[in-house]
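Reviewing the structure listed below.
Sequence lines set the chain letters: A, B, ... in the order given, protein chains first and strands last, and positions in each chain run from 1.
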Amino acid sequence: MSLKLFNTMTRQKEEFQPRESGKVAMYVCGPTTYNYFHAGNARMFVVFDMIRRYFIYKGFDVRYVQNFTDIDDKIIQRGNVEGMDPLALGQKYIDEYFKDAKELNLLPATVHPKATEHIPEMIEIIQGLIDSGLGYEVEGDVYFAVDHFPDYGKLSGRTLEDMKAGARVEVDERKRHPMDFALWKKAKPGEPAWESPWGEGRPGWHIECTAMSLKYLGAGFDIHGGGEDLSFPHHENEIAQTEGYLKGKTFARHWMHNAFLTINQEKMSKSLGNFFTIRELLVNSPGEVIRFYLLGTHYRSPLDFNDQNLIMAQKGLERLQTSVRLAQEALAREGSVKNDQGTLELSRASKEAREAFEKAMDDDFNSALAYAALFELAKTMNSFVQANPVPSEGLAEAQNTLVKLGDVLGFDLLHPAKIGVENNEILNEVMEVVLQIRSKSRQKKDWEMADFIRDGLKEKGIVIEDTPQGARWQIKR
RNA sequence: GGCGGCAUAGCCAAGUGGUAAGGCAGAGGUCUGCAAAACCUCUAUUCCUCAGUUCAAAUCUGAGUGCCGCCUCCA
């Protein structure tokens, strides 16, 4: 099956052609670690995690590199404000990143390189650029000479002429061209600094990605990803310095950028201050719900954030989880496992779901459309369970399919069905007794007591539902 | 000023030439002591406006309106 993805470089969907058959090498720009990451950052992480998982599902061996920018102006600034060593601050938020990432079901990258651990590699590249006339040093700073790189602007579709017309750049007299950008920055007293041929300093922002992607993936790797706002200047500059350094060899084969998360139709960003950190959101919403919400819109469309949307996402995810739970319950029942009619029907529904899912995902990772395949399979399963008290082989297949496809998007649909059932023996026994008591009350038509038990448990986060086969319960946070 | 994107039901959201997926909310029904969940039925003659191309347009073209992003650190 062919897989198409939108390449920012060519501005069109194109067939994915890996550098090496059966393998995918991708680099995703990670966070600058001076704070907890926010919902907008999370969108990027979740989107590329989904893309990675789908490649794995398709049978590719995926090498996924996501860096940490753990040294830059913002980190130094924040360190000063908090009275903390900038490098320690950077490390702190790297640790915090992993906590939130886990809640969002983000798979750890194959490699999570840190900028501060790749200074020698960066220095080597900067030196190479100077040697070939693409970089120049001025008083301890090193700049990249954009007008020496003919392709400058090819990713973002602008020319140096266009940008001159904009001219919102404050002119640094020492630069040869206003758009020249820093490869190396001279350290001010008290700032973290590394030795270099140009004196003490620290790397510019873009050079780290060049150094680390080349080190861990090599030239011409498959996918370079990030948020839309990175395409210019960050990725444009990366291309210039990397392809300049590689003497024109291609840096990355495909460039992918996700659209923004907005809030009140405005971009959520750290600079605007209109952001919610994932840490804050996790207080009220499980990470999976946030993830479900983020993948409910195609990654190249803007997505507006608000509480109502989050609630809708929660309901939707619960619907899929419920479906798995009901199937589990039905499969646990005694009885025939052979039901030709049902098996046939569910088997077909499973196949259709897989096909629809793959068709959606093959078309530039259309996770929003893929959701529909999951919902339709869930509905077929529910209908079957409703009509057939006897389990069927087909139901097991359908359930496995739903769980599997959910997993490709990063959802553990099976997990909620297991909470309380597997994890806590004592609770199970207590609940058995409680439900017996309530059952006796109901037999005596003591509705007041029955409702008192149900309402009381609900307050504690345990939901009871009555069925013809008896009451069931589940934990709901 | 330069470059780019978006506009589909009450809300979210797919759909890029063949007659409007899916979810949430809502209405009615089945089930239930009630509830919840689930199931069934219903809910856009129409896709920002106008004009054009076509047998056929939400989908293509042109003009307009509105919103957003990048051009400076940002995912």
- Quick one: do A:Phe16 and A:Phe55 satisfy ring pair (Phe, Tyr, Trp, His ring centres under 6.0 Å)? Show the steps, please. CA-CA 11 Å; A:Phe16 174 67; A:Phe55 274 122; 4.9 Å; yes
- Query: Please walk me through it: do A:Asp49 and A:Arg53 pass salt bridge (charged side-chain N to carboxylate O under 4.0 Å, His left out)?
  - Reply: CA-CA 6 Å; A:Asp49 182 70; A:Arg53 286 170 183 264; 2.8 Å; yes
- Task: Using the side chain to side chain donor-acceptor pair (under 3.5 Å) rule, take A:Tyr54 and A:Asp362 through it: C-alpha gap first, then chi angles, then the decisive distance, then the call.
- Result: CA-CA 9 Å; A:Tyr54 188 63; A:Asp362 280 342; 2.9 Å; yes
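What separates CG of A:Leu155 from C1' of B:G4 is a distance of 12 Å, to the nearest Å. Distance A:Lys458 NZ to B:C34 P: 17 Å, rounded to the nearest Å. A:Glu266 places its CD atom 21 Å from the P atom of B:G5, with the value rounded to the nearest Å. As a whole-Å value, the separation of A:Asn264 CG from B:C67 P is 15 Å. Following rounding to the nearest Å, A:Arg43 (CZ) and B:G69 (C1') show an atom-to-atom distance of 13 Å. The distance between atom CG of A:Asn366 and atom C1' of B:A14, rounded to the nearest whole Å, is 6 Å. Computed from coordinates, the A:Leu303 CG to B:C68 C1' distance equals 14 Å when rounded to whole Å. Straight-line distance from the NE2 atom of A:His234 to the P atom of B:G69: 21 Å, rounded to whole Å.
Under the 30°/60° scheme for interplanar angles, the aromatic rings of A:Tyr371 and A:Phe411 are found to stand perpendicular. In this structure, A:Tyr27 and A:His224 have tilted ring planes: the angle between them lies in the 30° to 60° band.
Atom C1' of B:G18 sits at a distance of 12 Å from the matching atom of B:U54, rounded to the whole Å. Atom name P, nucleotides B:U59 and B:A9: the rounded distance is 15 Å, in whole Å. Rounded to the nearest Å, the gap between the P atom of B:U53 and that of B:U45 is 27 Å. Atom C1' of B:U43 sits at a distance of 11 Å from the matching atom of B:G10, rounded to the whole Å. The same atom, P, is picked in B:C40 and in B:G52; the two are 45 Å apart, to the nearest Å. Of the P atoms belonging to B:A36 and B:C31, the separation is 16 Å, rounded to the nearest Å. Straight-line distance between the P atoms of B:C11 and B:G26: roughly 15 Å, to the nearest whole Å. When the P atom is used for both B:C47 and B:A20, the distance is 12 Å, rounded to whole Å.
Between the A:Asn237 side chain and the A:His206 main chain, no donor and acceptor come within less than 3.5 Å of each other.
Evaluation of atom-type donor-acceptor distances gives a pair under 3.5 Å for the side chain of A:Ser271 against the base of B:C73. For A:Arg300 and B:C6, a side-chain-to-base donor-acceptor distance below 3.5 Å is absent, hydrogens and geometry of angles not being considered. For a distance-only test at 3.5 Å, the side chain of A:Asp229 fails to qualify as a donor-acceptor partner of the base of B:G69. Residue-to-nucleotide contacts include a donor-acceptor pair under 3.5 Å from the side chain of A:Arg454 to the base of B:A35.
Less than 6.0 angstrom separates the ring centroid of A:His112 from the ring centroid of A:Phe98.
Of the listed nucleotides (B:A75, B:C73, B:G33), B:A75 has the atom at the smallest distance from the side chain of A:Leu230. Side-chain proximity of A:Asp466 to the nucleotides B:G33, B:C70, B:C73 is greatest for B:G33. With B:G2, B:G69, B:C73 as the candidates, the nucleotide lying closest to the side chain of A:Lys267 is B:G69. Distances from the side chain of A:Glu465 to the nucleotides B:A35, B:G15, B:A38 place B:A35 closest. Listed nucleotides B:C39, B:C12, B:A13 differ in distance to A:Ser383; the shortest reach to its side chain belongs to B:C39.
Pair check for B:C73 finds none; no Watson-Crick or G-U wobble contact set falls under 3.5 Å. Of all nucleotides present, none satisfies the Watson-Crick or G-U wobble test against B:U53 with each distance under 3.5 Å. In this structure B:U59 sits in no base pair that meets the Watson-Crick or G-U test at under 3.5 Å. Taking a pair to require two hydrogen-bonding distances under 3.5 Å in either a Watson-Crick or a G-U wobble arrangement, B:A38 pairs with B:U30. B:U43: no Watson-Crick or G-U partner with both key distances under 3.5 Å is found in any strand. B:G4: Watson-Crick or G-U partner is B:C68, with both key distances under 3.5 Å.
Checking each of A:Arg202, A:Lys188, A:Arg174, A:Lys175 against A:Asp141 for a salt bridge (charged side-chain N to carboxylate O under 4.0 Å, His left out) leaves exactly one that passes, namely A:Arg174.
At the heavy-atom level, A:Arg438 lies under 4.0 Å from base atoms of the strands shown. At a threshold of 4.0 angstrom between heavy atoms, the contacts of A:Phe260 include nucleobase atoms, whether or not backbone atoms are also involved. Nucleic acid contact class of A:Gly296 (heavy atoms, under 4.0 Å, all strands): sugar-phosphate only. Residue A:Ser269 is in base contact, counting any heavy-atom pair closer than 4.0 Å across all strands shown.
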Just the table, please: protein N/O against nucleotides 18-29 of chain B N/O, every pair under 3.5 Å.
from	atom 1	to	atom 2	distance (Å)
B:A25	OP1	A:Lys315	NZ	3.3

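Between A:Met268 and A:Arg11, the residue anchored nearer the 5' end of RNA chain B, judged by the nucleotide with its closest heavy atom, is A:Arg11. Each of A:Asp451 and A:His298 was assigned the nucleotide of RNA chain B with the nearest heavy atom; the assignment lying further toward the 5' end belongs to A:His298.
Rounded to the nearest 0.5 angstrom, A:Asn309 CG and A:Ile311 CD1 are separated by 9.5 Å.
Between A:Arg78 and A:Glu82, at least one side-chain N (NZ, or NE/NH1/NH2) sits under 4.0 Å from a carboxylate O, which counts as a salt bridge.
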